[in-house]
Amino acid sequence: VSRATQGRLLLLEAQGSLWNGSAQLVLSAGPGSSDAKALPSRLRWQLRPEWRGNLRLQVEAECCLASPWVWRLSPSGSALSLEISDTPFKLPAQSLTGLGTPWNTLQLGGVLRLAGRDLGFEWVQGRLRMAGQAEVVLDNVSSRITTLERLGSYRLDVQSDAQGQVQLNLSTLDGALQLSGSGGVTPTGVRFRGEARASDADPGALDNLLNIIGRR
C-alpha cells in the first residue's frame with residue numbers, strides 16, 4: 001500500500017492476514033513526513049475470492065463508516081473493473097493535515113464526507129474509465145489562519161462524461177470563502193482550474209488565507 005501510494009497511505013500495526021485483518025490507517029505526505037495523521041479508529045478488512053477470478057473486499061471503520069464498504073474487483077480479458085458500494089464515508093477534516101502542504105498550513109476543521117452512486121472504474125489498455133458519480137462535501141470548514149469561526153461548506157462533484165472520462169466540479173454551498181472550479185482526469189494527470197474569493201461581507205478577514213491558496 002505504501003509503495004502504491006508513494007508513502008501517502010500507510011497501514012500500520014497490522015494484525016491478522018491478507019484475508020482477514022486490521023490496521024491503523026495513516027495519511028502522510030510521503031517518506032520523511034512529520035505530519036502523518038491516523039484515522040480515529042482501526043480499519044478492518046475481509047478479502048474473499050469469488051467466481052471467475054473476482055475479488056471482494058469488505059472494509060469497516062467505526063469512526064468513518066456506518067456500514068461495511070464493499071469493493072469488487074473483476075478481471076475480464078485485458079480489462080479490469082472495480083465496483084464500489086454506495087456506503088457513505090466521513091472523516092474529520094483535521095485528518096487531511098497528515099497529507100502535508102497545503103493542508104498542514106490551513107489546519108482545517110469540519111467534516112469531510114464522501115458518497116457515491118453506482119460508482120465504478122474500468123481500466124482498458126491502460127486507460128481509466130468511470131461510471132456513476134461521487135460527491136465529496138466539506139461541511140462547516142474552519143481554519144486556524146483566519147479570525148472567522150467558519151469559512152463555509154463546499155462540494156466537489158465527480159462524474160463521468162460520455163467517453164467515461166472523469167470530470168470535476170467544485171462549488172460553494174455557503175460561507176464567507178467562495179470557491180469554484182472545474183477540471184478532469186486525463187491520461188497525463190489531473191487538470192483543475194479554480195478560483196477563491198472573499199464574500200463582500202468579509203473581505204479583509206480572508207486576506208492571509210487567499211494569499212496561501214494562490215496568486216491574486
Chemist: So does G189 get a backbone contact from the side chain of T186, meaning a donor-acceptor N/O pair under 3.5 Å?
Modeler: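 Judged by distance alone, yes, a pair lies under 3.5 Å.
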Chemist: Taking atom CZ of R127 as the centre, does the number of heavy atoms from other residues, nucleotides or ligands within less than 6.0 Å exceed 12?
Modeler: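 For R127, atom CZ is not crowded (no more than 12 foreign heavy atoms under 6.0 Å).
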Chemist: State, to 0.1 Å, how close I145 and T105 come at their nearest heavy-atom pair, and which atoms those are.
Modeler: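 Reported closest heavy-atom pair: CG2-O, 3.6 Å.
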Chemist: Under a 4.0 Å threshold between the charged nitrogen and the carboxylate oxygen, would E50 count as salt-bridged to R72?
Modeler: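 Looking at E50 together with R72, the answer is yes, because their closest N to O distance falls below 4.0 Å.
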Chemist: Any donor and acceptor pair, going by atom type alone, linking the side chain of Y154 with main-chain N or O of V141 inside 3.5 Å?
Modeler: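 Pair absent, no side-chain N/O of Y154 close to backbone of V141.
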Chemist: Quick check: does any side chain N or O of S81 sit under 3.5 Å from a backbone N or O of E122, one acting as donor and the other as acceptor?
Modeler: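 No; zero donor-acceptor contacts below 3.5 Å.
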Chemist: Is any NZ, NE, NH1 or NH2 atom of the basic residue among K37 and D35 found under 4.0 Å from an Asp or Glu carboxylate oxygen of the other?
Modeler: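 No, no charged N to carboxylate O under 4.0 Å.
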Chemist: L170 versus F192: any side-chain heavy-atom pair under 4.5 Å?
Modeler: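 Side-chain contact under 4.5 Å: yes.
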Chemist: Look only at the side chain of R129 and the backbone of G120, and say whether a donor-acceptor pair between them is shorter than 3.5 Å.
Modeler: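 Checking the backbone N and O of G120 against the side chain of R129, no donor-acceptor pair under 3.5 Å is found.
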Chemist: For C64 and L39, which heavy atoms make the closest approach, and how far apart are they?
Modeler: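 Scanning both residues completely, I find the closest heavy atoms to be SG-CD2, 3.8 Å.
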Chemist: Assess whether side-chain contact (heavy atoms from CB on, under 4.5 Å) is satisfied between V136 and L138, documenting all intermediate values.
Modeler: CA-CA 7 Å; V136 182; L138 270 170; 5.8 Å; no
Chemist: Backbone N or O of P68 within a donor-acceptor pair of the T87 side chain at under 3.5 Å?
Modeler: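 Yes: the side chain of T87 pairs with the backbone of P68.
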Chemist: Just by modelled atom types, is the N20 backbone N or O under 3.5 Å from a matching donor or acceptor in the S17 side chain?
Modeler: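 A pair under 3.5 Å: yes.
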Chemist: Checking S95 side chain against P92 main chain: does a donor-acceptor pair fall under 3.5 Å?
Modeler: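 Checked: pair present.
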Chemist: Spell out, as yes or no, whether a donor-acceptor pair under 3.5 Å connects the side chain of R113 to the backbone of V137.
Modeler: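 Pair absent, no side-chain N/O of R113 close to backbone of V137.
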Chemist: With respect to L206, which candidate in L151, I213, T147 satisfies the side-chain contact (heavy atoms from CB on, under 4.5 Å) definition?
Modeler: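 In the set L151, I213, T147, the residue that makes a side-chain contact (heavy atoms from CB on, under 4.5 Å) with L206 is L151.
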Chemist: Under 3.5 Å, is there a donor on one side chain and an acceptor on the other for S142 and R150?
Modeler: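 On atom types as modelled, these side chains do not qualify, holding no pair under 3.5 Å.
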Chemist: Side chain of S153, backbone of N140: donor and acceptor closer than 3.5 Å?
Modeler: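 Between the backbone of N140 and the side chain of S153 there is a qualifying donor-acceptor contact (under 3.5 Å).
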Chemist: Can you name the closest pair of heavy atoms from W45 and L18 and give their distance?
Modeler: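 So the minimum-distance heavy-atom pair works out to NE1-O, 3.0 Å.
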Chemist: Thinking salt bridges, do D207 and R216 make one under a 4.0 Å N-O criterion?
Modeler: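 Salt bridge: yes.
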Chemist: Hydrogens and angles aside, do R8 and Q6 bring a side-chain donor and acceptor to less than 3.5 Å of each other?
Modeler: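 Yes, because at least one side-chain N or O of R8 sits under 3.5 Å from a partner of the opposite role on Q6.
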Chemist: L106 vs I212, test: side-chain contact (heavy atoms from CB on, under 4.5 Å). Steps then yes/no.
Modeler: CA-CA 8 Å; L106 296 175; I212 290 174; 4.2 Å; yes
Chemist: Taking Q178's backbone N and O only, do any of them form a donor-acceptor pair with T172's side chain (distance below 3.5 Å, no angle check)?
Modeler: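 Here the side-chain-to-backbone pair does not exist.
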Chemist: How far apart are the C-alpha atoms of V59 and L43, what are their side-chain angles, what is the distance that settles it, and do they pass the side-chain contact (heavy atoms from CB on, under 4.5 Å) test?
Modeler: CA-CA 7 Å; V59 178; L43 190 75; 3.3 Å; yes
Chemist: Quick check: are there more than 12 heavy atoms from other residues, nucleotides or ligands sitting under 6.0 Å from CG of D200?
Modeler: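 No - once you tally the heavy atoms of other residues, nucleotides and ligands closer than 6.0 Å, there are 12 at most.
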Chemist: At their closest point, which heavy atom of P49 faces which heavy atom of L55, and how far apart are they?
Modeler: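 Heavy atoms of P49 and L55 come nearest at CA-CD2, 3.9 Å.
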Chemist: If you take all heavy atoms of A14 and A23, which pair is closest and at what distance?
Modeler: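 Minimum heavy-atom contact is CA-CB, 3.9 Å.
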Chemist: Can you say whether the rings of W123 and F121 are parallel (under 30°), tilted (30 to 60°) or perpendicular (over 60°)?
Modeler: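 Ring orientation, 0 to 90° scale: tilted.
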Chemist: Would you say L91 and V111 make side-chain contact, with heavy atoms under 4.5 Å?
Modeler: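 With C-beta onward as the side chain, the pair stays apart.
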Chemist: What is the minimum heavy-atom distance between G53 and P75, and which atoms define it?
Modeler: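 So the two residues come closest at O-CD, 3.5 Å.
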Chemist: Given side chains that start at C-beta, do those of L57 and V70 come closer than 4.5 Å, heavy atoms only?
Modeler: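 No. Closest side-chain heavy atoms not under 4.5 Å.
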Chemist: Kindly indicate, with the supporting measurements, whether the criterion side-chain contact (heavy atoms from CB on, under 4.5 Å) is fulfilled by L73 and L80.
Modeler: CA-CA 7 Å; L73 191 65; L80 190 65; 3.9 Å; yes
Chemist: State which residue, out of Q133, Q167, Q165, M130, fulfils the side-chain contact (heavy atoms from CB on, under 4.5 Å) condition with S160.
Modeler: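 Going through Q133, Q167, Q165, M130 one by one, the side-chain contact (heavy atoms from CB on, under 4.5 Å) with S160 is satisfied by M130 alone.
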